[in-house]
A.B. asks: 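Submitted below is the structure of interest, expressed as structure tokens.
One-based numbering along the sequence shown. Everything numeric here is computed off the predicted structure, so don't read it as measured data.
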Amino acid sequence: MVNWMTGPGARFLLISTVLMSGISAQAQTSVSQAPSMSTLLDQSYRAMYNLDFEDAFRQAERAKAVSPENPLPWMAQACAVLFREFDRLHILRSEMFTSDDTFSARPAYQWATPAKAEFEAALNGAENLARRQIARDNNDPTALFALALINGLRADDAALIGKKDMAALSFTRAANSYAERLLAKSPDYYDAYVATGMGKYIIGGKAAPVRWLLRLGGLKGDRQEGVKELMLAAEHGRYLAPFARILLAFDDIRRNDRAAARQKFAALHDRFPNNPLFLQELARLDHATVGRGQ
């Protein structure tokens with residue numbers, strides 16, 4: 001009779017155990033190495049700022065698969081669509097923002113129809129998930145941030161593409177409201193300062209009678225406070241820090257602080273070398289400096 005404790009059966013059992021242990025270890029390693037939603041969003045936003053929109057969308061889709069009930073992957077997708085449209089239309093350029101007059105004289109643009117549909121679908125997907133979370137918890141930080149960003153992106157669309165200033169102010173007010181609720185509970189949610197900072201900056205630049213009327217409607221403006229909050233986002237934000245730095249560089253140019261603007265654009269170019277905007281802005285700054293010296 002074969003002794004299964006010492007014979008071929010024991011050897012077979014030992015080999016099987018070793019093989020299964022190896023498979024189990026590989027599975028555990030695979031799970032442990034699977035990127036988190038936050039990591040995938042980091043990759044999506046990095047690709048977006050580097051103008052690699054295909055990769056930005058790919059990473060956003062992967063993040064959706066990892067966290068299907070979270071609105072933030074949908075927001076990353078919406079951001080990438082809008083940023084791609086800004087790039088196509090050459091909107092994020094300092095010449096538009098150098099003065100109130102140049103901003104007022106900006107043209108109205110037209111979306112590419114498929115891109116507009118993508119943008120709305122991503123925003124609606126994010127909003128549906130965020131509102132479900134808000135229904136469960138009125139102070140859910142992820143939902144509040146998503147709702148702030150949704151309205152902020154709608155404000156950017158209205159102001160910078162459609163040139164619909166009143167609609168943009170309405171969306172800015174909503175974005176600011178959600179961001180303030182979030183920051184009251186989570187003051188270290190630094191990306192939310194983009195919404196509050198932009199709101200204060202934009203409204204603070206209005207003429208005094210307009211600011212007074214807007215204040216009656218619940219919109220407060222203070223350009224210096226807006227810059228301070230954008231600086232918080234630029235220094236500590238996770239996803240929106242580069243966007244905050246772009247806005248601050250435009251403000252530097254507006255105030256004729258070209259050295260500060262150059263420093264910001266040089267750092268952005270180092271981090272996102274495939275985005276020609278930053279080199280173009282550096283060249284414009286250098287040309288203006290040379291011209292003034294001559």
Side-chain angles (χ1 to χ4, degrees), residues 27-84 118-119 121-134 136-153 156 175 178-179 181-198 229-247 267-268 270-272 274-275:
Q28 289 176 3
T29 301
S30 176
V31 170
S32 66
Q33 291 178 347
S36 67
M37 183 202 71
S38 295
T39 298
L40 292 168
L41 291 184
D42 285 335
Q43 294 170 2
S44 180
Y45 280 97
R46 189 180 304 116
M48 178 192 82
Y49 292 119
N50 228 4
L51 303 190
D52 185 353
F53 296 111
E54 285 190 17
D55 191 46
F57 294 131
R58 182 163 49 248
Q59 302 308 331
E61 289 296 336
R62 291 178 67 196
K64 285 183 192 177
V66 170
S67 298
E69 296 301 313
N70 195 306
L72 296 189
W74 293 84
M75 289 311 314
Q77 182 181 9
C79 285
V81 175
L82 185 63
F83 210 76
R84 183 182 63 188
E118 283 182 82
F119 183 62
L123 288 180
N124 291 337
E127 187 166 16
N128 288 338
L129 292 172
R131 297 222 174 267
R132 276 190 230 164
Q133 290 181 344
I134 284 289
R136 294 190 294 267
D137 178 0
N138 198 44
N139 291 311
D140 182 271
T142 299
L144 289 173
F145 176 61
L147 291 168
L149 192 50
I150 287 164
N151 284 280
L153 293 180
D156 290 341
Y178 286 118
R181 281 174 57 188
L182 169 58
L183 291 169
K185 297 286 185 181
S186 304
D188 58 348
Y189 210 122
Y190 290 104
D191 280 327
Y193 285 107
V194 170
T196 59
M198 282 188 68
E229 294 185 0
L230 287 172
M231 288 176 66
L232 284 173
E235 292 169 6
H236 305 292
R238 180 163 190 169
Y239 306 127
L240 303 184
F243 183 60
R245 290 184 193 122
I246 294 170
L247 297 175
L268 286 163
D270 288 344
R271 188 173 178 191
F272 308 109
N274 293 331
N275 189 332

A.B. asks: Quick check: closest heavy atoms across D55 and A47, and the distance to 0.1 Å?
C.D. replies: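 Heavy atoms of D55 and A47 come nearest at OD2-CB, 3.7 Å.
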
A.B. asks: Would you call Q59 and P35 a side-chain contact if the rule is heavy atoms closer than 4.5 Å?
C.D. replies: no

A.B. asks: To the closest 0.5 Å, what do you measure between CG (N70) and CG (L41)?
C.D. replies: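 The distance works out to 7.5 Å.
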
A.B. asks: Dump the intermediate steps for ring pair (Phe, Tyr, Trp, His ring centres under 6.0 Å) on Y49 and F243, then the final yes or no.
C.D. replies: CA-CA 8 Å; Y49 292 119; F243 183 60; 7.7 Å; no

A.B. asks: Quick one: does N275's side chain have a donor or acceptor within less than 3.5 Å of a partner on L51's backbone?
C.D. replies: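 Side chain of N275 to backbone of L51: no pair is present.
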
A.B. asks: Only one of Y239, F57, F83 passes ring-ring contact (aromatic ring centres under 6.0 Å, His included) with Y45; say which it is.
C.D. replies: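 The ring-ring contact (aromatic ring centres under 6.0 Å, His included) with Y45 is passed solely by Y239 among Y239, F57, F83.
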
A.B. asks: CE/M75 to OG1/T142 distance, rounded to the nearest 0.5 angstrom?
C.D. replies: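 Result: 12.5 Å between the selected atoms.
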
A.B. asks: Enter the distance from R132:CZ to E127:CD here, rounded to the nearest 0.5 Å.
C.D. replies: 12.0 Å

A.B. asks: Does D52 offer a backbone N or O that forms a donor-acceptor pair with the side chain of N50 under 3.5 Å?
C.D. replies: no

A.B. asks: Are the side chains of Y190 and R238 in touch, meaning some heavy atoms are under 4.5 Å apart?
C.D. replies: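 No. Closest side-chain heavy atoms not under 4.5 Å.
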
A.B. asks: At their closest point, which heavy atom of A148 faces which heavy atom of A179, and how far apart are they?
C.D. replies: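 Looks like CB-N, 3.8 Å.
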
A.B. asks: Side-chain contact, heavy-atom cut-off 4.5 Å: V66 with S36?
C.D. replies: no

A.B. asks: Ignoring hydrogens, what is the shortest heavy-atom contact between M48 and F53? Give both atom names and the distance.
C.D. replies: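 Closest pair (atom of M48, atom of F53, distance): O-CE2, 3.9 Å.
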
A.B. asks: Under the 3.5 angstrom rule, does the side chain of R181 hit a backbone N or O of N138 as a donor-acceptor pair?
C.D. replies: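 Indeed, once roles are kept as given, a pair shorter than 3.5 Å links the two residues.
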
A.B. asks: Can you list the residues that meet the side chain to side chain donor-acceptor pair (under 3.5 Å) rule with E235, with sequence neighbours excluded?
C.D. replies: none

A.B. asks: Please examine the side chains of K185 and L144, heavy atoms only from C-beta on, and report whether any two atoms are closer than 4.5 Å.
C.D. replies: no

A.B. asks: Count the heavy atoms of every other residue, nucleotide or ligand shown that sit under 6.0 Å from CE of M37, and state whether that count exceeds 12.
C.D. replies: yes

A.B. asks: With sequence neighbours excluded, what pairs up with A130 under the side-chain contact (heavy atoms from CB on, under 4.5 Å) test?
C.D. replies: P71, A143, A146, L147

A.B. asks: Which value, rounded to the nearest 0.5 Å, describes the distance between L123 atom CG and I150 atom CD1?
C.D. replies: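 Rounded to the nearest 0.5 Å, the CG-CD1 separation comes to 6.0 Å.
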
A.B. asks: Which value, rounded to the nearest 0.5 Å, describes the distance between N124 atom CG and F119 atom CZ?
C.D. replies: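 So the CG of N124 and the CZ of F119 are separated by 10.0 Å.
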
A.B. asks: Can you name the closest pair of heavy atoms from A234 and A244 and give their distance?
C.D. replies: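 Result for this residue pair: N-CB, 3.7 Å.
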
A.B. asks: Taking NZ, NE, NH1 and NH2 as the nitrogens, is one of them in K64 or E61 under 4.0 Å from a carboxylate oxygen of the other?
C.D. replies: yes

A.B. asks: In Å and rounded to the nearest 0.5 Å, what is the CG to CG distance from L182 to L149?
C.D. replies: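 Reported to 0.5 Å precision, the distance equals 11.5 Å.
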
A.B. asks: Taking all atoms of both residues into account, what is the closest heavy-atom pair of A78 and L153, and its distance?
C.D. replies: CB-CD1, 3.9 Å

A.B. asks: Shortest non-hydrogen contact from G125 to W74?
C.D. replies: CA-CE3, 3.7 Å

A.B. asks: Is a side-chain donor or acceptor of Y193 paired with a backbone partner of D188 at a separation under 3.5 angstrom?
C.D. replies: no

